[in-house]
Amino acid sequence: MTPQEFLDQFGTLAENGVQTLREFVLQLAIQGKLVAQDSSDEPTEELILRCEQERKRLADANKISTKRRLPEVDGCEEEFVAPNGWKWCRINHICDHRLGKMLDKSKNKGTPQRYLRNTNVQWLQFDLTDVKEMRFEDAELDEFEVRCGDLMVCEGGYPGRCAIWRNAAEKMMFQKAIHRVRPLAEIYPEFLLMRLWGDSCRGHLDQYCTGATIKHFTGKELARYAICLPPLAEQQRIVAKVDELMRLCDGLEAVQKQRRGVRLRLNRSSLDRLTVVQSTAQVSAAWQRVCDHFEVLYDTPETLPDLRQTILQLAVQGKLVKQDPHDEPAEELLNRLATEKAELVKQKTIPKPAKLQPVNGEVPFPIPPTWRWERLGNITHKIESGWSPQCESYPRTDDNWGVLKISAVTWGTFNPDANKALPAHLEPRPHCEVQAGDFVMSRANTSELVAKSVVIESTPPRLLLNDKLLRVIFPDAIDPQFVNLYNNCQFARDYYIEVASGTSVSMRNVSRDNVGNLLIPIPPLPEQKRIVSKGTDLLSQVTRLESTLTRREATRTQLLTAAIHSILSGAPDDDNNVVLASVTEVEITFVGNHHNDG
């Protein structure tokens, strides 16, 4: 299969893979495989010679600084064999480049001028929504001015990110965090940009960056940066072809984005019908409509959060399982709980609860006749927090004591590995140790995650609650798993977002009073257990489907990568066709009898 044949088929092979296609186009371009070579083109060796002549002329006229020419690119630096007419060289051989002016308000003099910073230089374009000013003296204006056709390259922040300045009408300077690269002898800056962009995408640029944590693409490393340069005429053909293909990529991406938007809207519309209808027959009919189009509505992982949330909403609205008239009504259950709780308070077995406001007309949705609305604090024995000593920076080992982090309960399942070791000199507090069956929730997190909860099914010993985690203890007549379903559904999430305090979106807090005041629908106890069983089964199926879809996307990506590598390495057409055939055969099947669950 030729590169062109691959490009022709890519739109049908690469859902969400446009970035892969862009990177493939770049690799073809910089390796000389995108357009044909022409033997009549001026060889690159002559182009590089003209660069040297232009450099000498500009240096003699004091228009650029004189720089030592670096050695030729040696064989170990050449990633691929140069196509006919091409030649490996360094940026130092073909461009004049320099860093901008150091920002120093105490020393800078002259007239304020607008200047480019790292944040202004994005891939392929400039973001000029926030442009600062710095003082430049008249003698510095020519030295630090950005001209039309200059390639501006980030030295730090995002090393190598670059764009070509095209605004001849706007005067702009640049600071020291940016390289200004000016190609000599009319070399196309677009080709240099392609090389940097392609090398950044595949991680090849990292070898030129210094610094362990904060990376820098220094002037020294930029100077020795190796590039395989085509003849000038071929550069022009490559640039034109890449522009054409990138426009096609943009179009393909727009189509895929529109298709995903339509799919998500259809998905939400179908699920909305499930949550607004009332009768069992209406729910069954709405669910059947979802099942009839299941493979269309749920063929990517991004469609599943809405399905998961709908299952939770159906569960807590009494639409997931049938009501049984023989179940003890929730009103009787709640009366019995109130009596039992009063006796436990009298015996000082549990603390005296705060008096909560009665439930009036503020309920968020209707519930079955045998259910009742109540505040969470009225169906708990107590809500307690943990302990947060100064811990080690690493997790506990073996059977040593550890203190759980907030992330242990953030993502829907209990993660005992999210802990920090308790220092050896501190005595543990056994009453803070978590146990199997505990209902645990966070009282501090982001807006989206604060008050997320889990029921701990099993846990290793010697793990302590921290003081940003709450343990809610329920009587036997309340199933913690049902409360967990409700606590993680959208109705409860909206409540916590509304009542959470804190000025930072990244760290919001809820109090025990906030948790206690949460309105929660209470079904009869047997129905609680039926709902938990059905809801857990459906949510498990969604999780398995999510894993399957994620694996499918990963497999398709791996196969596409293999196809690209095969084409770039010049493998036989038969091998390429086998790889691409494998991509098209990747299919999925939903785990479980999802068409009949409702």
Side-chain angles (χ1 to χ4, degrees), residues 42 44-73 87-104 108-111 113-118 120-121 126 134-156 159-196 208 216-227 229 231-232 235:
E42 174 194 50
T44 302
E45 285 189 359
E46 295 183 20
L47 175 62
I48 295 174
L49 179 61
R50 287 197 289 112
C51 288
E52 290 299 316
Q53 293 169 346
E54 183 175 346
R55 179 189 299 281
K56 184 177 184 306
R57 178 178 59 80
L58 293 172
D60 289 345
N62 293 321
K63 293 186 176 180
I64 63 173
S65 60
T66 302
K67 295 180 181 178
R68 181 178 65 87
R69 190 180 194 278
L70 295 179
E72 298 292 329
V73 177
K87 182 175 174 60
W88 282 95
C89 60
R90 302 187 189 279
I91 288 291
N92 168 266
H93 300 164
I94 60 174
C95 299
D96 174 60
H97 61 90
R98 66 158 301 147
L99 288 168
K101 182 177 179 178
M102 172 74 76
L103 176 61
D104 188 339
N108 293 156
K109 299 178 181 179
T111 307
Q113 303 285 347
R114 284 156 55 88
Y115 71 95
L116 295 175
R117 300 172 291 147
N118 270 333
N120 302 126
V121 181
F126 294 90
M134 185 190 339
R135 292 185 178 276
F136 290 83
E137 297 184 49
D138 291 346
E140 298 174 316
L141 295 179
D142 188 61
E143 183 180 3
F144 296 112
E145 187 177 7
V146 183
R147 297 177 188 168
C148 189
D150 284 345
L151 179 64
M152 309 306 293
V153 182
C154 292
E155 187 271 349
R161 187 172 64 194
C162 55
I164 300 169
W165 185 257
R166 295 295 188 191
N167 193 344
E170 182 171 5
K171 188 171 186 177
M172 187 67 67
M173 317 303 281
F174 68 110
Q175 71 155 181
K176 194 172 182 179
I178 298 176
H179 298 285
R180 182 187 63 197
V181 178
R182 279 186 180 158
L184 301 169
E186 299 181 341
I187 286 174
Y188 282 80
E190 293 88 350
F191 186 83
L192 305 182
L193 183 150
M194 289 176 206
R195 175 73 190 197
L196 286 165
Y208 292 95
H216 291 276
F217 191 19
T218 65
K220 180 180 178 181
E221 292 301 306
L222 176 62
R224 77 174 189 89
Y225 179 61
I227 180 171
L229 190 68
L232 196 61
Q235 290 178 39

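The structure displayed is predicted, hence computed values, not measured ones.
- For residues 163-173, the set of pairs meeting the side-chain hydrogen bond (donor to acceptor under 3.5 Å, both in side chains) definition, not counting sequence neighbours, comprises R114-E170, R166-E190, N167-E170.
- Here the straight-line distance linking atom CD1 of I164 with atom SG of C148 works out to 9.5 Å at 0.5 Å rounding.
- Nearest heavy atom pair, residue N118 against residue A177, reads OD1-O, 3.2 Å.
- I94 is not listed as a side-chain neighbour of L184, based on a closest heavy-atom distance of 4.5 Å or more.
- Evaluation of the ring pair (Phe, Tyr, Trp, His ring centres under 6.0 Å) rule for F174 yields no partner, not counting sequence neighbours.
- The shortest distance between side-chain heavy atoms of Q235 and L47 falls below 4.5 Å.
- If you take SG on C89 and CD1 on I187, they are separated by 6.5 Å, rounding to the nearest 0.5 Å.
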**Request:** Would you check, one step at a time, whether the test salt bridge (charged side-chain N to carboxylate O under 4.0 Å, His left out) holds for E143 with R98?
**Result:** CA-CA 10 Å; E143 183 180 3; R98 66 158 301 147; 2.7 Å; yes
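- With sequence neighbours excluded, no residue satisfies salt bridge (Lys or Arg N to Asp or Glu O under 4.0 Å) with R55.
- Looking at D60 and L58, their side chains never come closer than 4.5 Å, going by heavy atoms from C-beta outward.
- Minimum heavy-atom separation, V73 to A226: CG2-CB, 4.1 Å.
- Of the possible polar contacts, none joining the H179 side chain to the C154 backbone as a donor-acceptor pair under 3.5 Å is found.
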**Request:** Check the pair I178 / L99 against side chain to side chain contact (heavy atoms under 4.5 Å, CB included), numbers first and verdict last.
**Result:** CA-CA 6 Å; I178 298 176; L99 288 168; 6.0 Å; no
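- For the atom pair CE (M152) and CZ (R117), the distance works out to 13.5 Å, reported to the nearest 0.5 Å.
- The pair R50-E42 meets the salt-bridge criterion, with a side-chain N (NZ, NE, NH1 or NH2) lying under 4.0 Å from an Asp/Glu carboxylate O.
- Taking 4.5 Å as the limit, some side-chain heavy atom of F217 sits within range of a side-chain heavy atom of L196.
- Under the 3.5 Å distance criterion, the side-chain polar atoms of Y115 are left unmatched by any main-chain donor or acceptor of R135.
- Using a distance-only test at 3.5 Å, with no hydrogens or angles considered, a donor-acceptor pair links the side chain of R180 to the main chain of E145.
- Contact of the E140 side chain with the M173 side chain is not registered, since no non-hydrogen atoms from C-beta on lie closer than 4.5 Å.
- Within 6.0 Å of NZ in K67 there are more than 12 heavy atoms belonging to other residues, nucleotides or ligands.
- Side chain of R90 to main chain of R224: a donor-acceptor pair is present (N/O by atom type, distance under 3.5 Å, no hydrogens or angles).
- In this structure, H216 and P159 approach most closely via the heavy-atom pair N-CG, 4.2 Å.
- Closest heavy-atom contact between P183 and C95: CA-SG, 3.7 Å.
- The ring pair (Phe, Tyr, Trp, His ring centres under 6.0 Å) search around F136 returns none, not counting sequence neighbours.
- Shortest non-hydrogen contact noted between A163 and V121 is N-CG1, 4.0 Å.
- The side chain to side chain contact (heavy atoms under 4.5 Å, CB included) check on K87 picks up T44, E45, I48, E72, with sequence neighbours excluded.
- Within the 3.5 Å criterion, the main-chain N or O of T218 finds no donor-acceptor partner in the side chain of E221.
- Checked by atom type and distance alone, the side chain of N108 never pairs as donor or acceptor with a backbone atom of M134 at under 3.5 Å.
- Within the 4.5 Å cutoff, no side-chain heavy atoms of L222 are placed close to those of N92.
- Once rounded to the nearest 0.5 Å, the distance linking CD of E186 with SG of C51 reads 10.0 Å.
- Every pair passing salt bridge (Lys or Arg N to Asp or Glu O under 4.0 Å) that includes a residue from residues 147-156 is listed here, sequence neighbours excluded: D142-R147, D150-R182.
- The side-chain heavy atoms of I227 and F191, taken from C-beta on, include a pair separated by under 4.5 Å.
- Scanning both residues, A59 and T66, for their nearest heavy atoms gives CB-OG1, 3.7 Å.
- The shortest side-chain heavy-atom distance between F144 and Q175 does not fall under the 4.5 Å cut-off.
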